[in-house]
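The structure displayed is predicted, hence computed values, not measured ones. Naming: A, B, ... by sequence-line order, numbering from 1 per chain.
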Amino acid sequence: MKTLIQPVKGTRDFYPEEMSIRTWLYQQIKKVSSSFGYEEYEGPILERLDLYAAKSGEELVKEQSFVFSDRGGDQITLRPELTPTLARMIAQKQNELAFPVRWWSFGPFWRYERPQKGRTREFFQWNIDILGVDSPEADAELVAVAASFFQSVGLTPNEIKIFVNNRRLMDVTLAEMGIAPENRKTVFHIIDRRDKLNPNSWKEYALECGLTPDQFEQLCHILEDKDLWKKSDELVRFFNVLKAMKLDEFVVFDPQVIRGLEYYTGTVFEGRDAAGEGRAVFGGGRYDNLVGDVGGDPLPGVGFAMGDVMVTLLLQKYGKIPAKQEQQKMVLVTIFDSTLLPSSFSLANKLRLEGITVVTYPEAVKLQKQLKFADRKGIRFAAIQGPDEAAANTVTLKDLLKREQQTVPVEEAGKTLQSMMA
RNA sequence: GUGGCUGUAGCUCAACGGCAGAGCGCCACACUGUGGAUGUGGAUGUUGUGGGUUCGAAACCCAUCAGCCACCCCA
C-alpha cells in the first residue's frame, strides 16, 4: 500500500455506515428536544479566544483548545464548548427574547486532548439549556429531557442511570462538618477521586489534603447517605417532578457527583452506564451567572451537554442502534445489454417519478454480477428487462429477499413495486 | 502533559534472528437471462515510518507517527 496522508490525530472518518448512525442520533435528539418545546440554534465554529478566557480557566483553554492566529493577528479558537457562545448570543438579544428561553444544538467541537476510549479531539455534542428560570422544576425538566431521550432510543433504567446531586446541599453539609468555604474545592476534589483510588490510598490522600480523621469519617458517612437529599428542599421538589413524570427510575441521588465545572451553583447531574463502565455519557447542572460573564445581565439557567462518542458506545453496547432500512425500499434497475440501455434508463426514471428510489447499474455487464451487487449493497428489489420483456413492453420484478419474481407490463411496474414493498 | 500495550495482505491474526503465511473477504471460471451455497483457480505486502545492531531483522535497540488502555483533565 502506498503511504496515505494520515488523518488528523483524534478525528474520525464518518463512512456511510457511521454517518447513518450520527444522523439517526441527531434525529432522536431533535425529536426529543422539540417535544419539550426547545428550539434549535447554532453558533459559529470559530470564536475569539477571549470568549473562553472570560469564564473557563485560562490554562484550560490554552492547553486544551485548538488556537491559532488569523491573518489580522487575532487569537482564534476552534470552539471547545458551546456555553460561552450561547451566553453571548443570549446577551446580544437579552432585551428581545421571551424568557424562559429553551434552546438546543448539535454540532462539532474540538479539544486538544489525548484520545482514548470515549474521547476524541473532534466530537459532536448535543447542548440543551433553559435560561431565565431559577427553579428546581426547571432542573427536573432538563433531567427529564435526558431521561426521555434514553427512553426513546430504547435504553432502560437498568442500562443508564442519571446521578444527581446539589452543590448547595454539599456546601451546607460541608459547612456543618466545619470545613471553611475556601477549602471546599479541595474536598470536592477528594470526593471526585474516591472511585479512582483504593480505600486506603483515598484515605491517605484525604488526610494529606488536610482533613482531620474525624472529618474524614463524617465525609465517608455523608457519601454513603442515600437520604441526604431529603435535607434539600430543592432536591425534594426536583424528585417530585420526576416521579410525577414517571421518569424517576432513571434518576438516582448520589452525593459523590460533583462535576468539575466551577460555574455550577445548584443541581448537578451526569449520566452513566448503569453497569458502572466508562466515563460519563453526559453532564450538566445549574449555573446562575452565565450571561453576566460576557457582559449581559446575570441570568440563571440549567443545561447539559452530551457527546456523541460515549453515547454511541453505550447504544452499541446495548444494541440500540437500528440497522439501515433504506435499502429495503430500493430497486436496482439492471442493464441487460448495451442495446437495452436506453430502455432501462427510461424505466428507472419512470419509477423515480412514482417516488421509488432507483439505482441503475452503470454498465452492461453480466446479470449475475449486477444481482450480486444488489445483494451486497442490501438492495432488496431488482428490475430485469431482457429482449423478451422489451419486446412485450414488460419488466421482471424480483424480490431478492423472498426470492420471488413476476413479470408485469412496464406501466404497472411502479404500482407493483409499491405493493411488493408494502 | 505522564506511564503502559500494540502496529504484518482489504479485514482478523500467525511467523518471534534464517525463503512473509493462514482464515475470511476479493477477482475469475464452472454458470453466455438471475444474487447469499458449493467447487476449482488467481491476485495482493517497502511487515506504520526513519535510523541502528547483525553475515542475516517483521522479530533486538533508538527515534518518530498512529491506535488502544490508565493517569491528568473533562467546558
Side-chain angles (χ1 to χ4, degrees), chain A residues 1-12 47 51-65 77-87 109-121 123 125 127 129 189 192-193 195-197 201 258-264 268 270 277-285 287 290 293 303-307 309-310 313 332 334-337 340 361 364-391 395-407:
Chain A
M1 183 170 64
K2 291 249 168 61
T3 311
L4 298 170
I5 304 281
Q6 285 184 333
V8 174
K9 180 174 182 162
T11 60
R12 291 166 294 164
E47 289 279 12
L51 180 68
Y52 305 98
K55 183 205 56 145
S56 322
E58 189 116 345
E59 188 191 327
L60 200 63
V61 174
K62 282 203 168 144
E63 299 295 319
Q64 301 200 32
S65 296
T77 166
L78 285 174
R79 63 181 187 185
E81 60 163 324
L82 191 60
T83 309
T85 300
L86 169 65
F109 296 87
W110 293 266
R111 291 180 193 170
Y112 200 87
E113 293 186 288
R114 189 132 170 194
Q116 55 184 271
K117 186 167 194 172
R119 188 163 81 183
T120 56
R121 286 185 172 183
F123 57 94
Q125 201 173 61
N127 282 264
D129 294 88
H189 203 243
D192 225 25
R193 298 202 61 180
D195 285 338
K196 294 190 173 166
L197 299 171
S201 319
I258 296 296
R259 301 300 302 163
L261 216 38
E262 282 177 44
Y263 60 58
Y264 290 133
V268 286
E270 63 188 27
E277 290 173 19
R279 59 188 65 241
V281 174
F282 78 99
Y287 40 82
L290 182 74
D293 288 339
F304 69 79
M306 181 186 295
V309 183
M310 269 312 298
L313 283 173
L332 177 77
T334 60
I335 310 293
F336 191 83
D337 60 33
L340 288 168
Y361 202 88
V365 297
K366 275 196 203 170
L367 203 51
Q368 184 178 222
K369 195 170 176 185
Q370 300 186 43
L371 289 170
K372 191 167 186 180
F373 170 78
D375 197 41
R376 287 194 51 188
K377 291 297 295 175
I379 297 172
R380 182 171 165 185
F381 300 96
I384 301 161
Q385 194 181 47
D388 298 346
E389 288 93 345
V395 60
T396 297
L397 302 173
K398 176 160 184 151
D399 182 334
L400 276 71
L401 193 68
K402 290 187 179 168
R403 301 177 149 265
E404 292 170 0
Q405 65 180 49
Q406 54 181 311
T407 302

Note to self: Say we look at B:rA14 and B:rG45: how far apart would their C1' atoms be, to the nearest angstrom?
What the structure shows: 15 Å
Next item on the list: Specify the separation, in whole Å, of atom CD of A:E113 and atom P of B:rC71.
Entry: 13 Å
Notebook entry, point to check: Is any N or O donor-acceptor pair between the side chain of A:Q370 and the base of B:rU34 shorter than 3.5 Å?
Noted result: no
Margin query: Just so I know, are the side chains of A:I335 and A:Y361 near enough to count as touching, which here means a heavy-atom distance under 4.5 Å?
Written below: yes
Note to self: Categorize A:P7 for me: base, sugar-phosphate, or nothing, with a 4.0 angstrom heavy-atom threshold over every strand shown.
What the structure shows: nothing
Check: Will you find, in the side chains of A:R279 and A:Q116, an N or O donor that is under 3.5 Å from an N or O acceptor?
Finding: yes
Item checked: Dot-bracket line, read 5' to 3' along RNA chain B, where crossing pairs take [ ] and | marks a partner on another strand, Watson-Crick or G-U under 3.5 Å -> (((((((..((((....[..)))).(((((.......))))).....(((((..]....))))))))))))....
Next item on the list: Step by step, work out the side-chain contact (heavy atoms from CB on, under 4.5 Å) result for A:Q370 and A:V365.
Entry: CA-CA 7 Å; A:Q370 300 186 43; A:V365 297; 3.8 Å; yes
Next item on the list: Please tell me which of A:P115 and A:F373 maps to the more 5' nucleotide of RNA chain B, matching each residue to the nucleotide holding its nearest heavy atom.
Entry: A:F373
Next item on the list: Scan A:G10 against the nucleic acid and name what it touches under 4.0 Å (heavy atoms): base, sugar-phosphate only, or nothing.
Entry: sugar-phosphate
Item checked: Rounded distance in Å between the P positions of B:rG18 and B:rA58 -> 11 Å
Next item on the list: Select one nucleotide: of B:rA75, B:rG35, B:rC69, the one nearest the side-chain heavy atoms of A:R403.
Entry: B:rG35
Note to self: Tell me the interatomic distance from A:K402, atom NZ, to B:rG36, atom P, rounded to whole angstroms.
What the structure shows: 20 Å
Check: Which value, in whole Å, describes the distance between the P atoms of nucleotides B:rA20 and B:rA59?
Finding: 13 Å
Margin query: Nearest whole Å is fine: how far is B:rG67 P from A:R114 CZ?
Written below: 10 Å
Note to self: Does any part of the side chain of A:Y52, heavy atoms only, come nearer than 4.5 Å to the side chain of A:R79, both counted from C-beta?
What the structure shows: yes
Next item on the list: Answer yes or no: does atom CZ of A:F123 have more than 12 heavy-atom neighbours from other residues, nucleotides or ligands under 6.0 Å?
Entry: yes
Check: What interatomic distance, in whole Å, is found between C1' of B:rC26 and the corresponding atom of B:rA9?
Finding: 11 Å
Check: Over how many whole Å does the gap from A:E404 atom CD to B:rG36 atom C1' extend?
Finding: 16 Å
Check: So, is A:K9 close to the B:rA66 phosphate, meaning a side-chain N or O under 4.0 Å from OP1 or OP2?
Finding: yes
Next item on the list: Ignoring hydrogens and angles, tell me if any N or O in the side chain of A:R111 forms a donor-acceptor pair with the backbone of A:P80 under 3.5 Å.
Entry: yes
Margin query: From CD of A:Q116 over to C1' of B:rG67, roughly how many Å is that when rounded to an integer?
Written below: 12 Å
Note to self: Do A:L51 and A:T85 make a side-chain contact, defined as non-hydrogen atoms from C-beta onward lying under 4.5 Å apart?
What the structure shows: yes
Check: Taking the C1' atom of each, how far is B:rG42 from B:rU47, in whole Å?
Finding: 23 Å
Notebook entry, point to check: Between B:rU34, B:rA75, B:rG1, which nucleotide gets closest to the side-chain atoms of A:S65?
Noted result: B:rA75
Notebook entry, point to check: Closer to the 5' end of RNA chain B via nearest nucleotide, is it A:L401 or A:F336?
Noted result: A:F336
Check: For A:Y264 and B:rC74, what is the distance between atoms OH and P respectively, to the nearest whole Å?
Finding: 11 Å
Item checked: Expected output: side-chain A:Q385 to main-chain A:F336 donor-acceptor under 3.5 Å -> no
Item checked: Distance between C1' atoms of B:rG41 and B:rC31 (Å, rounded) -> 16 Å
Margin query: Contact between A:T77 and A:Y112 at the side-chain level, heavy atoms closer than 4.5 Å - yes or no?
Written below: no
Check: Between A:T396 (side chain) and A:Q406 (backbone), is there a donor-acceptor pair under 3.5 Å?
Finding: no
Next item on the list: May I have the distance from A:Q125 (atom CD) to B:rA75 (atom P), rounded to whole angstrom?
Entry: 9 Å
Next item on the list: Quick one, give me the B/S/- string for nucleotides 24-32 of chain B, reading 5' to 3', where B means a protein heavy atom under 4.0 Å from the base and S means that only happens at the primed atoms, P, OP1 or OP2.
Entry: --S-SS-B-
Note to self: Students often get this wrong, so: under 4.0 angstrom with heavy atoms, is A:I379 touching a base, only sugar-phosphate, or nothing?
What the structure shows: nothing
Next item on the list: Return the nearest nucleotide to the side chain of A:T396; candidates are B:rG33, B:rG35, B:rG1.
Entry: B:rG33
Margin query: Taking B:rG7 as the reference, what is the distance to B:rC11 when you measure between their C1' atoms (whole Å, please)?
Written below: 15 Å
Check: Just how far, in rounded Å, is P of B:rG33 from CG of A:D388?
Finding: 10 Å
Next item on the list: Quick one: list whatever passes side-chain contact (heavy atoms from CB on, under 4.5 Å) with A:K402, sequence neighbours left out.
Entry: A:R380, A:D399, A:E404
Note to self: Heavy atoms from C-beta onward define the side chain here; which of B:rC69, B:rC74, B:rA66 lies closest to that of A:Q6?
What the structure shows: B:rA66
Note to self: For B:rC71, does the base pair up with any side-chain atom of A:R193 as donor and acceptor (N or O, under 3.5 Å, distance only)?
What the structure shows: no
Notebook entry, point to check: Under 4.5 Å between any side-chain heavy atoms of A:L86 and A:N127, yes or no?
Noted result: no
Checklist line | Minimum-distance nucleotide (side-chain atoms of A:P80 versus B:rC73, B:rA75, B:rC68) | finding: B:rA75
Next item on the list: Pick the C1' atom in B:rU49 and in B:rU8, then give their distance to the nearest Å.
Entry: 14 Å
